[in-house]
**Q** 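Please see the structure below; I have some questions.
Hydrogens, waters and symmetry mates are skipped; everything else that's a heavy atom, side chains included, is used.
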Amino acid sequence: MNSITDIHIPVIDFFDLTPLPLTASIATIGNFDGVHLGHQAIIAQMVEEGRSQGKPVVAVTLYPNPFDFFNSQSKGFYLTSPEEKEIQLLSLGVDQVITFAFNQDLANLSASDFLKGLKEKIDLSLLVIGRDYALGKNREGTLPVIQAIGKELSFQVEMIQSVKFCKQEISSTSIRQRLDEGDVADAARMLGRAYTISGVVVHGSDRGSRIGLPTANLLHWPKKKLPAVGVYATRVDSPKGPLLGITNIGFRPTFEQQESPNIETYILDFDDNIYGEKLTLHFIQKIRDERKFEGVESLLDQIEHDKTTARRIFEND
């Protein structure tokens, strides 16, 4: 199965960006992976100030994520693709999203040189950041350092307190941990929305159709973080409208043992042909772990139980 690898937004080299036609912009800088409730608090503060002062609001982000860049992650890591991230940020009221290519040249840049460049490129007047944010080579640009640079370059710095869930600071890392546990419900509470995976429906083994259980096999961006292996109740956005589904993330151990997990969704009360169509899965709750069944009949019996469980989850969602 091939992989979706295209990034559908411009990723700009920091050193190539010419000054933009912006005046006294309010900006924030970060990875913003997931655009979770903590990120949303920063954006909300910026948008409020931008609207009241008539200033443009700019979100500056990076791709790839520095952790991904330095650790050469080959498996799924990102909560949002660059395109998904931009859509989320713009939906929150940001006027412009700038995605810089994170490379060794940018990694070697000092906090002072980076902020000087940003001041020139977007006419920075106010920088809004989270409490623990740091930038520049070796993360030297901590809050006090950034504040000192701001005084030198004539821009203000505003710090936003972190947002917590169950006494834990909400972060992209904590959301990834929840996904690793299969706890998509808690991940949704920290994101402020259900966790999603999008992809195109492609032909698989078609074994499901042959046993009366047709599933939509999803070709997704390979860098996207997958929830833990298991079976989930999922809401499905499709060209046919909103649908309900049961999604298995796993290795199909009843029939074969794959090297990497597959995403396949059985859509309730639906039998249209959707090959080649784009679907977005919204993960609502985990139903059970994936397991190997003795045969087709025991698998189909379990699926009937899963359908009942899923319908109950949807009714209470």
Side-chain angles (χ1 to χ4, degrees), residues 7 9 26-50 57-69 73 75-100 102 127-135 139 143 158-198 220-221 223-228 232 234-235 237 280-286 317:
I7 302 302
I9 63 166
I26 297 175
T28 186
I29 311 166
N31 291 303
F32 299 109
D33 192 23
V35 195
H36 54 62
L37 290 178
H39 298 143
Q40 292 172 40
I42 293 174
I43 299 301
Q45 179 73 19
M46 292 172 57
V47 170
E48 181 180 351
E49 296 194 28
V57 176
V58 181
V60 176
T61 187
L62 307 170
Y63 183 79
N65 184 293
F67 180 86
D68 183 30
F69 178 81
Q73 296 289 307
K75 297 182 180 180
F77 171 79
Y78 294 88
L79 302 175
T80 44
S81 69
E83 184 179 28
E84 290 169 335
K85 183 198 302 185
E86 180 169 301
I87 290 170
Q88 288 288 338
L89 290 169
L90 292 173
S91 74
L92 295 172
V94 169
D95 295 307
Q96 186 162 355
V97 178
I98 301 172
T99 302
F100 286 126
F102 188 82
L127 180 63
V128 182
I129 56 176
R131 183 186 60 185
D132 298 323
Y133 181 72
L135 60 79
R139 293 175 60 83
L143 178 60
E158 199 168 290
M159 187 268 291
I160 302 295
Q161 292 291 341
S162 60
V163 177
K164 294 186 177 182
F165 172 73
C166 293
K167 299 182 179 180
Q168 179 185 15
E169 182 176 332
I170 294 176
S171 67
S172 302
T173 299
S174 63
I175 294 170
R176 290 189 197 97
Q177 290 171 345
R178 292 300 201 282
L179 293 176
D180 284 337
E181 297 163 359
D183 192 350
V184 294
D186 266 6
R189 293 183 183 101
M190 290 190 281
L191 286 165
R193 63 189 184 281
Y195 186 65
T196 62
I197 297 177
S198 297
H220 67 286
W221 186 48
K223 286 286 190 178
K224 184 78 170 185
K225 177 74 176 175
L226 300 186
Y232 297 84
T234 50
R235 295 189 180 275
D237 291 342
T280 298
L281 307 179
H282 300 251
F283 287 79
I284 307 303
Q285 186 175 317
K286 187 176 180 181
D317 180 41

**Q** Check the pair D317 / R235 against side chain to side chain contact (heavy atoms under 4.5 Å, CB included), numbers first and verdict last.
**A** CA-CA 10 Å; D317 180 41; R235 295 189 180 275; 3.1 Å; yes
**Q** Distance check, rounded to the nearest 0.5 Å: S162 atom OG versus I42 atom CD1?
**A**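 So the gap between those two atoms works out to 9.5 Å.
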**Q** Please check: side-chain N/O of D95 versus main-chain N/O of V57, any donor-acceptor pairing under 3.5 Å?
**A** yes
**Q** Could you tell me the separation between the CZ atom of F165 and the CE atom of M190, rounded to the nearest 0.5 Å?
**A**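 The distance works out to 6.0 Å.
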**Q** What's the separation between atom CD1 in I9 and atom CD in E84, rounded to the nearest 0.5 Å?
**A**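 Reported to 0.5 Å precision, the distance equals 10.5 Å.
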**Q** Can you confirm if the aromatic rings of Y78 and Y63 lie within a centre distance of less than 6.0 Å?
**A**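 Yes, they do, as the ring centres are separated by less than 6.0 Å.
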**Q** Check T80 against K224 and note the closest heavy-atom contact, atom names and distance.
**A** CA-NZ, 3.9 Å
**Q** Say whether, by atom type as modelled, one donor and one acceptor occur between the side chain of Q88 and the main chain of E83 under 3.5 angstrom.
**A**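 No: the side chain of Q88 does not pair with the backbone of E83.
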**Q** For V60, which of L135, T99, I29, L127 qualifies under side-chain contact (heavy atoms from CB on, under 4.5 Å)?
**A**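 Result: among L135, T99, I29, L127, I29 is the only option passing the side-chain contact (heavy atoms from CB on, under 4.5 Å) with V60.
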**Q** Keeping S198 on the side-chain end and T280 on the backbone end, is there a donor-acceptor pair under 3.5 Å?
**A**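 Side chain of S198 to backbone of T280: no pair is present.
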**Q** Locate the shortest heavy-atom distance separating D186 from R178; write the atom from each residue and the value.
**A** OD2-NE, 3.6 Å
**Q** Can you tell me how far apart CG (N31) and CG (L62) are? Round to the nearest 0.5 Å.
**A** 5.5 Å
**Q** Looking at Q285 and Y232, would you say the former's side chain and the latter's main chain have a donor-acceptor pair under 3.5 Å?
**A**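 Flag not set: sc Q285 to bb Y232 has no pair under 3.5 Å.
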**Q** Counting C-beta onward and ignoring hydrogens, is there a side-chain heavy-atom pair between Y195 and L79 closer than 4.5 Å?
**A** yes
**Q** Are I175 and H36 close enough that some pair of their side-chain heavy atoms sits under 4.5 Å apart?
**A**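 Side chain of I175 against side chain of H36, heavy atoms only: contact under 4.5 Å found.
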**Q** Could you tell me whether K286 and E181 have a side-chain N and a carboxylate O separated by less than 4.0 Å?
**A**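 No, no charged N to carboxylate O under 4.0 Å.
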**Q** Any side-chain heavy atom of K85 sitting closer than 4.5 Å to one from V97?
**A** no
**Q** Would you call R176 and S172 a side-chain contact if the rule is heavy atoms closer than 4.5 Å?
**A**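 Side chain of R176 against side chain of S172, heavy atoms only: contact under 4.5 Å found.
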**Q** For the residue pair A41 and V163, what are the closest heavy atoms and their distance?
**A** CB-CG2, 3.8 Å
**Q** Could you tell me whether the side chain of I98 reaches within less than 4.5 Å of the side chain of T61, counting heavy atoms only?
**A**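 Heavy-atom side-chain distance check fails, nothing below 4.5 Å.
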**Q** Do you know the tightest heavy-atom contact between H282 and A194?
**A** CB-CB, 4.0 Å
**Q** Please report the shortest heavy-atom distance between V47 and V94, naming the atom on each side.
**A**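 Reported closest heavy-atom pair: CG2-N, 4.2 Å.
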**Q** Is the shortest side-chain heavy-atom distance between I197 and P227 below 4.5 Å?
**A**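 Touching, per the 4.5 Å side-chain cut-off.
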**Q** With a 4.5 Å cut-off on side-chain heavy atoms, are L226 and L179 touching?
**A** no
**Q** Please report the interatomic distance CG(L92) to CD(Q40), rounded to the nearest 0.5 Å.
**A** 5.5 Å
**Q** Please confirm whether the ring centroid of F77 lies under 6.0 Å from the ring centroid of F67.
**A** yes
**Q** Donor-acceptor check, side chain of T28 to backbone of V128, threshold 3.5 angstrom: yes or no?
**A**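 Yes, the answer is positive, given that a donor and an acceptor are paired below the 3.5 Å cut-off.
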**Q** Is there a donor-acceptor pair closer than 3.5 Å between any side-chain N or O of K223 and the backbone N or O of D68?
**A** no
**Q** Give a yes or no on whether a salt bridge exists between K225 and D33, defined as a side-chain N under 4.0 angstrom from a carboxylate O.
**A**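 No, K225 and D33 are not salt-bridged.
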**Q** Looking at R131 and E169, does any basic side-chain N land under 4.0 Å from a carboxylate oxygen?
**A**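 Counted as a salt bridge, because a side-chain N and a carboxylate O are separated by less than 4.0 Å.
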**Q** Has the side chain of R193 got a donor or acceptor atom that lies under 3.5 Å from a matching backbone atom of L191?
**A** yes
**Q** Taking all non-hydrogen atoms of both residues, which atom of E49 and which atom of I26 are closest, and how far apart?
**A** C-CD1, 3.8 Å
**Q** Please round to the nearest 0.5 Å and tell me the distance separating atom CG of L281 and atom OG1 of T234.
**A** 5.0 Å
